[in-house]
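As the structure is a computational prediction, the values presented were derived from the model and not from experiment. Values below: every heavy atom of this structure, side chains too, minus hydrogens, waters and symmetry copies.
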Amino acid sequence: MPEVSFVNAAELTGFDAISNNNHELVMYCNDNATGLKAIIAVHNTTLGPALGGLRMWKYASDKDALFDVLRLSRGMTYKSAVAGLNLGGGKAVIIGDARTQKNEALLRRFGKFVNNLAGKYITAEDVGIGVKDIEYVQNETPYVAGLSDKSGDPSPFTALGTYLSIKAGMKKITGSDSLAGKKIMVQGTGHVGLYLVEHLVKEGAIVYGYDIYEDTLKKAVDAGAVAVNASEVYSKEVDVYAPCALGATLNPDTIPLLKCSLVAGAANNQLLDEVRDGQSLQDRGILYAPDFVANAGGIINVFNEVNGPYNVNKSTRMTESIYDTVLSVFKMCEEQNILPQQAAMALGEKRIREVGNNRLFN
Ligand code: NAD
């Protein structure tokens, strides 16, 4: 898996975009009747079928959607590899506003496209897509996970793993993993963000929250968070910044503003450029818990559904191990003098190399 900065990749099109990080497959899905415009990306299936959520977002351009789905699917490869799952990396995006353009027909049409891939890609929930939506998709394909009569919404597990990653980060910085009295900024208080707020408030942290939707933010305030406005998200003095909205929020514009000692959150692809921006965080003395390690609870839970019979205790146990994985990433950084993102990627690549060679799947 060659390492190429995704900042540069944003400018690529066609096969150049796909081969840049060695994606296996990108499928454009169009249906004029329902207005469906979707892209499914499969990055790597060495360890198993590509599993990753479906995101619905009002992308400014098709190019932005492609950029996002390529980054997201690649992140899933690393996430599942590090979490020890027999899954490859894939993801799908629907271009559109989930609040106004999402409906049964559109989702079922998307499901038909997923079915065409015959199990190479399995879909689930992500930004803008909930359990009910996935059940519409299920009408057209068995290649779905996160169903209400099985493992359900993965968000509580994602939030649990993220919460434990914050604790692991604090342990590394202060020697104690207690979050009592710590100030934590949660950006994006949707499915995962809200559950995270609940964990943090319960432990006695002072939690700040921001979401672009007022009704979503209100739920976090009701759960004990203090609402802040957009301009305070990066610049407020806190101990932890927890990105739980979209990706690429760690970039040359935001990193200089941060006044925290730890970044640990649920959002995928937090670093716009995983080398440059990871280095900038380190230069500013900010510890970074790699997103695909911190937010693996959801895929762990979904994997246990696909690899059934589903057992909630097993998912919880596996998610709790994220605490130790984060600490082992930090240890690798110290021993090898590398950045957290690079250490976590090396862990994933090692497993793909070693285990992938022995699998019959391919
Ligand atoms: P969600 O759609 O329920 O919540 C995302 C929230 O972010 C929304 O409420 C949205 O309004 C808000 N938002 C978007 N842009 C924002 C901005 N600039 N500032 C503040 N808020 C903003 O999605 P989710 O399932 O909670 O996922 C959150 C993040 O975690 C995503 O990046 C997702 O890919 C990642 N993630 C989710 C899961 C999961 O189990 N749901 C698993 C792994 C990773």
Do Lys172 and Glu334 make a side-chain contact, defined as non-hydrogen atoms from C-beta onward lying under 4.5 Å apart? yes
So how far is it from Leu85 CG to Asn307 CG, rounded to the nearest 0.5 Å? 9.0 Å
Are Ile134 and Glu125 close enough, and set up right, to give a side-chain contact (heavy atoms from CB on, under 4.5 Å), and what steps lead you there? CA-CA 7 Å; Ile134 285 303; Glu125 294 88 351; 3.8 Å; yes
Near Lys112 NZ, under 6.0 Å, is it more than 12 heavy atoms from other residues, nucleotides or ligands? no
Scan side-chain atoms only and decide if Asp62 and Tyr28 contain a donor-acceptor pair under the 3.5 Å cut-off. no
So which heavy atom on Ile322 is nearest to which on Gly297, and how close? CD1-N, 3.6 Å
Look at the side chain of Asp277 and the backbone N and O of Asp273, then say whether any donor-acceptor pair between them is shorter than 3.5 Å. yes
Applying the 4.5 Å side-chain criterion to the ILVMFWY set and letting contacts propagate, would Val137 and Leu147 be lumped into a single cluster? yes
Say whether, by atom type as modelled, one donor and one acceptor occur between the side chain of Glu203 and the main chain of Leu179 under 3.5 angstrom. yes
Given side chains that start at C-beta, do those of Leu51 and Ser80 come closer than 4.5 Å, heavy atoms only? no
Pairwise distance CG(Leu66) to CD1(Ile39) - rounded to 0.5 angstrom: 5.0 Å
If Ile, Leu, Val, Met, Phe, Trp and Tyr residues are connected whenever their side-chain heavy atoms lie under 4.5 Å apart, and connections chain through other members, are Met318 and Val293 in the same group? yes
Measure across Ala343 and Cys333 and return the closest heavy-atom pair with its distance rounded to 0.1 Å. CB-SG, 3.9 Å
Check whether any side-chain heavy atom of Trp57 sits under 4.5 Å from a side-chain heavy atom of Val127, and report yes or no. yes
Is the centre of the Tyr234 ring less than 6.0 Å from the centre of the Tyr241 ring? yes
Are Ile122 and Phe157 connected, step by step, through hydrophobic side chains (Ile, Leu, Val, Met, Phe, Trp, Tyr) whose heavy atoms are closer than 4.5 Å? no
Output the distance between atom CD (Glu24) and atom OH (Tyr121), rounded to the nearest 0.5 Å. 14.0 Å
Do Tyr310 and Leu87 land in one hydrophobic cluster if side-chain heavy atoms of ILVMFWY residues count as linked below 4.5 Å? no
Side chains of Glu135 and Ser148: is there a donor and an acceptor less than 3.5 Å apart? yes
Close side-chain approach of Tyr208 and Lys236, heavy atoms under 4.5 Å: yes
Counting N and O atoms only, with roles assigned by atom type, does the side chain of Glu274 sit under 3.5 Å from a partner on the main chain of Leu271, one being a donor and the other an acceptor? no
Evaluate the criterion side-chain contact (heavy atoms from CB on, under 4.5 Å) for residue pair Lys167 and Val326; output intermediate values, then yes/no. CA-CA 10 Å; Lys167 286 177 77 67; Val326 171; over 6 Å; no
Going by heavy atoms in the side chains, are Gln101 and Met56 under 4.5 Å from each other? yes
Looking only at heavy atoms, what is the nearest atom pair of Ile184 and Ala242, with distance? CG2-CB, 4.4 Å
The reported gap from NZ in Lys219 to OH in Tyr213 (rounded to nearest 0.5 angstrom) is 12.5 Å
Quick check against the 3.5 Å criterion: does Asn301 have a side-chain atom that pairs as donor or acceptor with the backbone of Gly298? no
Quick one: sort the His23 and His43 rings into parallel, tilted or perpendicular, breaks at 30° and 60°. perpendicular
Between Lys79 and Asn295, is a side-chain contact (heavy atoms from CB on, under 4.5 Å) present by the stated rule, with each step listed? CA-CA 8 Å; Lys79 189 186 304 193; Asn295 69 15; 3.0 Å; yes
Over 12 non-hydrogen atoms of neighbours within 6.0 angstrom of CG in Asp215: yes
Side-chain contact test, heavy atoms from C-beta onward, threshold under 4.5 Å: evaluate it for Val82 versus Arg351 and give yes or no. no
Test item: Gln187 side-chain N/O and Val233 main-chain N/O as donor-acceptor pair under 3.5 Å: no
So which atom in Ser178 and which in Ala180 form the shortest heavy-atom distance, rounded to 0.1 Å? OG-N, 3.2 Å
Counting N and O atoms only, with roles assigned by atom type, does the side chain of Asn44 sit under 3.5 Å from a partner on the main chain of Thr77, one being a donor and the other an acceptor? no
Please confirm whether the backbone N or O of Gly130 pairs with a side-chain atom of Asp133, one donor and one acceptor, at under 3.5 Å? yes
Could you grab the distance from atom NZ of Lys171 to atom OH of Tyr323, nearest 0.5 Å is fine? 5.0 Å
Between Thr34 (side chain) and Ala105 (backbone), is there a donor-acceptor pair under 3.5 Å? no
Can you check side-chain contact (heavy atoms from CB on, under 4.5 Å) on Val329 and Leu347, steps first, answer last? CA-CA 8 Å; Val329 165; Leu347 277 181; 3.9 Å; yes
How many angstroms lie between atom CG of Leu272 and atom CG of Asn251, to the nearest 0.5 angstrom? 5.5 Å
Could you tell me if the side chain of Leu107 sits less than 4.5 Å from the side chain of Ile129, heavy atoms only? yes
Is there a path from Phe110 to Val131 through hydrophobic residues (I, L, V, M, F, W, Y) whose side chains come within less than 4.5 Å of each other? no
Could you check whether any side-chain N or O of Glu305 sits under 3.5 Å from a backbone N or O of Gly146, counting only pairs where one atom can act as donor and the other as acceptor? yes
Between Lys259 and Ser235, is there a donor-acceptor pair closer than 3.5 Å when you use the side chain of the first and the backbone of the second? yes
Ser155 vs Val192 side-chain heavy atoms within contact, under 4.5 Å: yes
Which heavy-atom pair separates Lys102 from Gly128 by the least distance, and what is that distance? NZ-O, 2.8 Å
Identify the heavy atoms of Val186 and Leu200 that sit nearest to each other, and give their distance. CG2-CD1, 3.9 Å
